[in-house]
Amino acid sequence: MCIRDRIKNMSEREDIAAHIVTTLSAVSSPITFGKVTREPFELDELSQQQFPAVYIQTADETREDISIKNSGITRTGTIDFRIFGFVTTASTTTSNIDTKRNELVTTVETALDSDRTRSGNALDTQLVSVETDEGSIFPYGGIIMTVRCFYKFTQGTP
């Protein structure tokens with residue numbers, strides 16, 4: 001496999017991740033994210049204006065060859081992204097941290113469902129799980145959403 005093909009494949013993964021960031025950065029209703037990043041951060045270093053905050057991380061991926069021809073190998077990929085979301089009740093009218101977490105989950109899901117193809121880079125996008133901190137990081141509330149993207153690509157010559 002040549003370097004150009006490796007870069008092309010990495011760019012598909014990167015394009016999907018970047019589209020998730022762009023999509024969440026553009027959300028303005030029912031909440032507006034104060035921070036959307038692919039870099040981890042310390043909660044206690046965020047200002048109140050940076051909440052709700054989300055951190056997107058590329059996670060597990062599986063691949064399968066579906067055809068091998070002289071023109072290259074066509075593969076399908078299933079890639080998971082973890083979305084770590086954080087809310088706080090400070091300086092808001094809603095004091096229930098669980099309500100804020102639920103609002104965060106609904107907002108992320110609705111935003112990602114607006115283009116399940118990630119601008120044509122994926123075949124489909126699905127929310128497959130949601131976990132919460134169950135109050136362990138109070139006065140913050142946290143969620144971890146696993147978003148699964150299915151995509152297809154052709155790579156190099158066999």
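We number each residue from 1, following the sequence as shown.
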Looking only at heavy atoms, what is the nearest atom pair of [X] and [Y], with distance?
X	Y	result
Glu134	Arg101	N-NH1, 4.5 Å
Asp65	Ile68	OD2-CD1, 4.1 Å
Cys149	Ile16	SG-CG2, 3.7 Å
His19	Ser119	CD2-CB, 3.4 Å
Ile97	Thr88	CD1-CA, 4.0 Å
Thr58	Ala17	OG1-CB, 4.1 Å

Same cluster for [X] and [Y] if Ile/Leu/Val/Met/Phe/Trp/Tyr side chains link at under 4.5 Å?
X	Y	value
Phe84	Ile143	no
Tyr55	Val147	no
Ile137	Val87	no
Val54	Leu127	yes

To the nearest 0.5 Å, tell me how far [X] [atom1] sits from [Y] [atom2].
X	Y	atom1	atom2	value
Glu42	Leu46	CD	CG	9.0 Å
Lys152	Leu123	NZ	CG	7.0 Å
Arg75	Thr62	CZ	OG1	12.5 Å
Asp133	Asp98	CG	CG	9.5 Å
Gln57	Asp80	CD	CG	11.0 Å
Ile20	Ile56	CD1	CD1	7.5 Å

I'd like to know if Asp115 and Arg118 make a salt bridge, using a cut-off of under 4.0 Å between side-chain N and carboxylate O.
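No, this pair does not count.
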Does Arg82 pair with Asp60 as a salt bridge, N-O distance under 4.0 Å?
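Looking at Asp60 together with Arg82, the answer is yes, because their closest N to O distance falls below 4.0 Å.
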Start with the C-alpha gap between Phe81 and Arg38, add the side-chain angles, then the distance that decides, and say whether side chain to side chain contact (heavy atoms under 4.5 Å, CB included) holds.
CA-CA 11 Å; Phe81 294 90; Arg38 291 180 60 199; 5.9 Å; no
Would you check if [X] and [Y] make a side-chain contact, meaning some heavy-atom pair closer than 4.5 Å?
X	Y	value
Ile83	Leu112	yes
Phe51	Ile31	no
Asp44	Tyr140	yes

Expected output: side-chain Arg116 to main-chain Thr125 donor-acceptor under 3.5 Å
yes
Test side chain to side chain contact (heavy atoms under 4.5 Å, CB included) on Arg63 and Tyr151; report intermediate values, then the result.
CA-CA 9 Å; Arg63 296 178 178 189; Tyr151 71 109; 3.9 Å; yes
Which class fits the ring pair Phe86 and Phe41: parallel under 30°, tilted 30 to 60°, perpendicular over 60°?
perpendicular
Checking side chain to side chain contact (heavy atoms under 4.5 Å, CB included) for the pair Val130/Glu109: CA distance, chi angles, key distance, verdict?
CA-CA 10 Å; Val130 177; Glu109 182 176 23; over 6 Å; no
With Thr110 as reference, evaluate Asp113, Thr107, Thr106 under the side chain to side chain contact (heavy atoms under 4.5 Å, CB included) test and give the passing residue.
Thr106
